[in-house]
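When a ligand or atom number is given, it counts from 1 through the structure's own listing order.
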Amino acid sequence: MSTTILAPSRVGESSSQTRPTDVILTGDRPTGSLHLGHYAGSLRSRLALQGHCAQTLLIADLQALTDASGRAADVAGHVMEVALDYLAIGIDPAQTTIAVQSRLSALAELTVLYLNLVTVSRLERNPTVKAEVELRGFERDIPAGFLCYPVSQAADISGFRATLVPVGEDQLPMIEQTNEIVRRVNRLAGTSVLPECRALLSSTPRLPGVDGRKASKSLGNAIPLRATADEIRRLVEAMYTDPRHVRASDPGRVEGNVVFSYLDAFDEDLTTVSELKEQYRRGGLGDVALKRRLEGVLEDVVAPIRARRGELACDRAYVVDVLRAGNEHASVTTEAVLRDVRGAFALDGGIAERFGA
Ligand code: TRP
């Protein structure tokens with residue numbers, strides 16, 4: 001079984017490698033509101049898959065706490081922001097379940113059981129965790145919850161019996177570790193109680209921040225999905241192009257030019273974009289004209305999202321209802337999985353059944 005497949009990137013496009021029986025689970029840490037990088041990289045493919053397979057989006061607040069326990073109130077507040085972003089881009093709660101990780105106690109219990117199937121050295125070797133530990137400068141002071149979050153993520157994935165997980169490339173080690181745990185549970189159970197999963201990789205390359213560095217909320221270099229027209233203009237204005245392309249008549253570089261990365265991701269008119277690239281390379285196309293085009297393209301993407309978000313923000317009771325219904329639905333699934341996994345650990349049945357009273 002291939003463990004990695006490519007996701008469709010536009011609505012209407014479907015991936016020949018997904019099956020109608022696939023169950024999709026993906027998650028986001030609620031560390032802020034989502035930006036255009038999330039949209040190009042994964043939100044668009046979730047929209048494309050909506051209605052084709054069962055799909056759950058998990059707002060992973062417990063995972064966010066593993067490195068942000070000092071900012072717990074922010075994490076809690078961002079749960080609502082992420083839910084608003086999902087609904088604003090067109091996630092339809094009638095087709096896609098939106099659930100909150102901390103409301104699903106079965107996931108926490110699965111995590112505790114799975115912790116017995118994983119060694120500390122295996123967790124320390126997880127490349128995603130290693131890179132994040134370095135990035136955060138934890139050195140030896142790694143919160144135990146952070147070191148173990150791959151196990152909690154394995155609980156998220158297997159708790160929904162997910163077979164497809166849309167993720168960025170940096171998350172591939174998580175899929176591998178989940179499948180190791182799944183195989184161990186199945187061996188304990190003596191039968192296949194959990195399915196293995198495949199990663200669904202985005203077919204669009206990672207979108208850079210406006211300065212050409214990795215897009216991140218803290219660097220202020222990402223374009224939020226809720227950006228106003230003015231913010232879009234300001235951020236496009238600040239975009240890194242080619243420092244040696246001074247006059248419009250100078251030949252310029254397209255590779256590494258952030259404006260072209262965004263045009264590639266969002267401009268529907270592929271023929272014009274390739275003509276613009278030609279012209280830019282040859283010389284004769286100025287940054288100002290190019291940026292003006294991108295501003296228009298991005299405003300067309302963001303304007304409907306912004307409008308819908310504005311409406312939804314005035315009706316928080318509706319969003320709360322969506323989350324409540326999503327949690328209820330997700331509880332049924334995850335509790336059923338927990339029953340099977342408890343069985344694998346000889347913890348099935350009530351006290352009376354177990355002790356013959
Ligand atoms: N680790 C993911 C991230 O940092 C979030 C996440 C939590 C997730 N649970 C998940 C992703 C389950 C996929 C499946 O973005």
Looking at Asp170 and Arg206, is there a salt bridge between them, counting it only when a charged N and a carboxylate O are closer than 4.0 Å?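 So Arg206 pairs with Asp170 through a salt bridge.
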Pair Arg183 + Glu180: basic N to acidic O under 4.0 Å: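 Glu180 and Arg183: not salt-bridged.
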Which atoms of ligand 1 have any heavy atom of [X] under 4.0 Å away?
{"X": "Val165", "answer": "13 (C), 14 (C)"}
{"X": "Asp156", "answer": "7 (C), 9 (N), 10 (C)"}
{"X": "Ala60", "answer": "7 (C)"}
{"X": "Leu25", "answer": "12 (C), 14 (C)"}

Side chains of [X] and [Y]: is there a donor and an acceptor less than 3.5 Å apart?
{"X": "Tyr114", "Y": "Ser158", "answer": "yes"}
{"X": "Gln153", "Y": "Gln177", "answer": "no"}
{"X": "Gln95", "Y": "Asp92", "answer": "yes"}

Name the closest protein heavy atom to [atom], giving the residue it belongs to and the distance to 0.1 Å.
{"atom": "atom 15 (O) of ligand 1", "result": "Gly27 O, 4.2 Å"}
{"atom": "atom 4 (O) of ligand 1", "result": "Arg29 NE, 3.1 Å"}
{"atom": "atom 2 (C) of ligand 1", "result": "Gln63 OE1, 3.5 Å"}

For ligand 1, which is the ligand I care about here, please tell me if Gln171 has any N or O atom under 3.5 Å from one of the ligand's N or O atoms.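 Between Gln171 and ligand 1 (N or O atoms, distance only) the closest approach is under 3.5 Å.
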Counting only heavy atoms, which portion of Met174 has something under 4.0 Å from ligand 1: side chain, backbone, both, or neither?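 Contact part for Met174 vs ligand 1: neither.
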Does only the side chain of Leu58 get under 4.0 Å from ligand 1, or the backbone, or both, or neither? Count heavy atoms.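 It is neither part, as no heavy atom is under 4.0 Å.
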Check step by step if side-chain contact (heavy atoms from CB on, under 4.5 Å) holds for Val118 and Ile181. CA-CA 8 Å; Val118 184; Ile181 292 173; 3.6 Å; yes
Can you tell which of Thr18, Ile175, Asp22 makes a side-chain contact (heavy atoms from CB on, under 4.5 Å) with Leu200?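 The residue from Thr18, Ile175, Asp22 that satisfies side-chain contact (heavy atoms from CB on, under 4.5 Å) with Leu200 turns out to be Thr18.
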